[in-house]
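Only one structure is covered here, and it is reproduced in the block below.
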Amino acid sequence: MSCRGRTAIFARMLLLSALALLASCSSSPNRERVQLMQLARQADLNYQSGKFDVARQQYERLVAANPRFVPGHLRLGALAYRKGDVSSARERFEIATRLDPRNEQAKYNLAMLHLNEASRLLNDYAKLTAKATHRQDVLVLLSHLKEFGEK
């Protein structure tokens, strides 16, 4: 799936999740619901325009208001990964997967994170020694992973 296709799917998921966010705030005043919807839109706009620090703060506020807000966890995971914080990214993607086990984006992000980590570890292994027991198998696997990542 192209990046544009994933972005469109994510935008639809965000809209549906924003509606879920509203529903979960049914005991809150209407004004608070509207403010959370506006905050979700602002966070998305900031994310899309590259204002990642501002977006991160906004997504954190959204997740604090509704810990079940899956798009917030997905975006926070992507922002953490972007900064090189693999542990936080993994945690956010795992939370999103637990909250919505059928969420394709959450599964994809988590899978790609694990593939990238596996590639890094396999590269480290291959560099250890030219006589490593499984070195040739590892090199073949790495070439396949590289081809996959280029698609």
Sequence neighbours excluded, which residues qualify as side chain to side chain contact (heavy atoms under 4.5 Å, CB included) partners of [X]?
X	value
Glu94	Arg90, Arg98, Leu110
Arg61	Leu39
Leu45	Gln48
Leu141	Leu122, Leu145

Q) Taking atom OG1 of Thr97 and atom CD of Glu104, what is their separation to the nearest 0.5 Å? A)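 Reported to 0.5 Å precision, the distance equals 12.0 Å.
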Q | Distance (rounded to the nearest 0.5 Å) between Asp44 CG and Arg75 CZ | A |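 Rounded to the nearest 0.5 Å, the CG-CZ separation comes out at 4.5 Å.
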Considering residues at least two apart in sequence or located in another chain, which fulfil the side chain to side chain donor-acceptor pair (under 3.5 Å) criterion with [X]?
X	result
Arg56	Glu60
Gln42	none
Asn116	Tyr81

Q) Under a single-linkage definition using a 4.5 Å side-chain heavy-atom cutoff for Ile, Leu, Val, Met, Phe, Trp and Tyr, are Tyr59 and Phe52 assigned to the same hydrophobic cluster? A)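 Yes; tracing contacts between hydrophobic side chains, which count when under 4.5 Å, links both residues.
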Q.
Are Tyr108 and Leu115 connected into the same hydrophobic cluster when the rule is that any two of I, L, V, M, F, W, Y join if their side-chain heavy atoms are below 4.5 Å apart?
A.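 Leu115 and Tyr108: one cluster.
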Ignoring hydrogens, what is the shortest heavy-atom contact between [X] and [Y]? Give both atom names and the distance.
X	Y	answer
Ala80	Ser88	CB-CB, 3.8 Å
Ala43	Leu62	CB-CD1, 4.3 Å
His73	Pro67	NE2-O, 2.8 Å

Q | Salt bridge flag under 4.0 Å for residues Asp100 and Arg68 | A |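 Answer for the salt bridge query: no.
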Q | Exam field: side chain His114 to backbone Asn109, donor-acceptor pair closer than 3.5 Å | A |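 Pair absent, no side-chain N/O of His114 close to backbone of Asn109.
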Q | Test log, rule side chain to side chain contact (heavy atoms under 4.5 Å, CB included), inputs Gln105 and Val70 | A | CA-CA 10 Å; Gln105 190 67 48; Val70 173; over 6 Å; no
(Q) Is there a side chain to side chain contact (heavy atoms under 4.5 Å, CB included) between Asn103 and Leu74? Walk through the geometry before answering. (A) CA-CA 10 Å; Asn103 187 300; Leu74 289 172; 4.1 Å; yes
Q: Can you tell me which residue pairs pass the salt bridge (Lys or Arg N to Asp or Glu O under 4.0 Å) test with a partner in residues 78-87, sequence neighbours excluded?
A: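 Only Asp53-Lys83 qualify under salt bridge (Lys or Arg N to Asp or Glu O under 4.0 Å).
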Q: Would you list the pairs meeting salt bridge (Lys or Arg N to Asp or Glu O under 4.0 Å) in which at least one residue belongs to residues 112-122, sequence neighbours left out?
A: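 Pairs touching residues 112-122 that pass the test: Glu117-Arg120, Arg120-Asp124.
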Q) Are side-chain heavy atoms of Val86 and Leu113 found at a separation under 4.5 Å? A)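 Yes, their side chains come closer than 4.5 Å.
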Q) Checking side chain to side chain contact (heavy atoms under 4.5 Å, CB included) for the pair Phe69/Leu36: CA distance, chi angles, key distance, verdict? A) CA-CA 11 Å; Phe69 187 55; Leu36 289 173; over 6 Å; no
Q) Going by the ring-ring contact (aromatic ring centres under 6.0 Å, His included) test, which pairs reach into residues 88-107, not counting sequence neighbours? A)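 Non-adjacent pairs meeting ring-ring contact (aromatic ring centres under 6.0 Å, His included): zero.
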